[in-house]
2 protein chains.
Amino acid sequence: MLEEHRTSAGLLLALLGQAAMRRLRDAHTAHHLSPRQFQLLGLLHDQGTTGQQELGQVMGVDPSVLVTLLNPLEADGYVSRQRDPADRRRHVVALSPAGATHLAAAAHAQRAAEDELFSGLDQAQREQLRQLLLVLQASVQPGQASPCSPPAADQC
Amino acid sequence: MLEEHRTSAGLLLALLGQAAMRRLRDAHTAHHLSPRQFQLLGLLHDQGTTGQQELGQVMGVDPSVLVTLLNPLEADGYVSRQRDPADRRRHVVALSPAGATHLAAAAHAQRAAEDELFSGLDQAQREQLRQLLLVLQASVQPGQASPCSPPAADQC
DNA sequence: TATTGTTATACTCTATAACTATA
DNA sequence: TATAGTTATAGAGTATAACAATA
């Protein structure tokens, strides 16, 4: 039971996650985005116009955090917020054409950062890791169902 | 190239790493430890008395961070700091018997937290994930060689 | 001068609580 | 009253820069 303290999966995941967050931030900072803002633009791109409450649930983020993410995005014109006529309390968020363009550029930078982050893994290991993380995400995220139904997780 | 924004391995690793860090912190807080302090005690346990500079390098942490980790540990008597007679600038850190006892209790709590964190993975998947993270750690950590030589990584 | 450890300060990401406006 | 969004504040984890003591 000795010698295992430094190789527990939980601590490894926590610390390597920090390293990953740092690299993604460095990559996105050049595009004036944070990793969470990139994720947000990606979500809007993938699933279209969405209410803020639903966005927060899917991202697993507090509504107050969402506001701090959205404000600069709206100021830069990457995102628009409109009141829902049916329920004027709701704000409906949409990705603008400029936002889509910006997302594409940032996605390129993120891919480069990930290629460097995972340079120690071959392509098969990297895909294996991604699949394991997807399974883990489905059980860890308290809020939302995974985007892929388990039997068809290959085509994610 | 659509629909992949939310499932990139890098972002998954970053976000799940945050979740892991939260769970470990919750587990260790009951023992008045942080995840990093647990890692520090584990390192001292595994490799014995060590200088602060080397500790910081192995953990991939700034020396100033190490100070804030060590101060409470020393105040609680889990760790001792002594000047190196050969080079009086160096502080040599050792795990105390009380620290070893405390580490064992905290390790139990961490194991429970990890079992719950990885409850969505079976034992084979969890070990697979741990091996992938070990490989990744070796290439990501700029500072130190991995504790296991690659050909014999099974017995970690 | 260079190095070890320390202190002070600031930054990133996130959460909690109180507030506004709509329902 | 209850809900959607906002604001203000606080917390954890980390890094940078300036400093003291020692080499």
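In what follows, chains are A, B, ... by sequence order, proteins preceding strands, each numbered from 1.
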Could you tell me how far apart B/M21 (CE) and C/dA15 (P) are, to the nearest whole angstrom? 15 Å
Distance below 4.0 Å between A/Q53 side-chain N/O and D/dG5 OP1 or OP2: no
Would a distance-only check, ignoring hydrogens and angles, find a side-chain to backbone donor-acceptor pair under 3.5 Å from B/Q125 to B/D122? yes
When you measure from the side chain of B/D62, which nucleotide among D/dT16, C/dC13, D/dT14 comes out closest? D/dT16
Is there a side-chain contact between A/M21 and B/Q18 (heavy atoms, below 4.5 Å)? yes
Whole-Å distance between C/dT14 C1' and B/D26 CG? 13 Å
So which heavy atom on B/G77 is nearest to which on B/A98, and how close? O-CB, 4.0 Å
Which is true for B/D87 with a 4.0 Å heavy-atom rule: it touches a base, it touches only sugar-phosphate, or it touches nothing? sugar-phosphate
Whole-Å distance, A/H28 NE2 to C/dC13 C1', equals 15 Å
Are any of A/R25's side-chain N or O atoms less than 4.0 Å away from OP1 or OP2 of C/dC13? yes
Which whole-number value in Å describes the distance from B/Q18 CD to D/dG13 C1'? 11 Å
Does a nitrogen or oxygen in the side chain of A/R89 sit under 4.0 Å from OP1 or OP2 of D/dG5? no
Does this structure show an ion pair linking B/E127 with B/R130, if we count only N-O contacts that are shorter than 4.0 Å? yes
Between A/L70 and B/R83, the residue closer to the 5' end of DNA chain D by nearest nucleotide is A/L70
May I ask you to evaluate whether A/H91 reaches the phosphate of D/dT6, defined as a side-chain N or O under 4.0 Å from OP1 or OP2? yes
Using the closest heavy atom to pick a nucleotide of DNA chain C for each, name whichever of A/S34 or A/R88 lands nearer the 5' end. A/S34
Between C/dT4 and B/Q52, is there an OP1 or OP2 to side-chain N/O distance shorter than 4.0 Å? no
Mind telling me whether A/H31 and A/H102 have parallel, tilted or perpendicular rings, with 30° and 60° as the class edges? perpendicular
B/Q37 CD to D/dG13 P: how many Å, rounded? 9 Å
Find out whether A/T50 and A/V93 are in side-chain contact, i.e. whether some heavy atom of one side chain is under 4.5 Å from a heavy atom of the other. no
Under a 4.0 Å N-O cut-off, is there an ion pair linking B/E114 with B/R23? no
Integer-rounded Å distance: D/dA4 P and A/E54 CD: 12 Å
Quick one: the side chain of A/S64 and the base of C/dT14, do they pair up donor-acceptor inside 3.5 Å? no
Check this one for me: any side-chain N or O of B/R81 less than 4.0 Å away from OP1 or OP2 of C/dT6? yes
Any chain of hydrophobic side-chain contacts (each under 4.5 Å) joining B/L41 to B/V65? yes
By nearest nucleotide on DNA chain C, pick out whichever of A/T68 and B/V92 is the more 5' one. B/V92
Could you give the angle between the helix axes at the two ends of the helix from C/dT1-D/dA23 to C/dA23-D/dT1, with five pairs per end, rounded to 10 degrees? 20°
Using whole Å, report how far CG of B/L16 lies from P of C/dT14. 12 Å
Please state how far atom CZ in B/R22 lies from atom C1' in C/dC13, giving the value in whole angstrom units. 10 Å
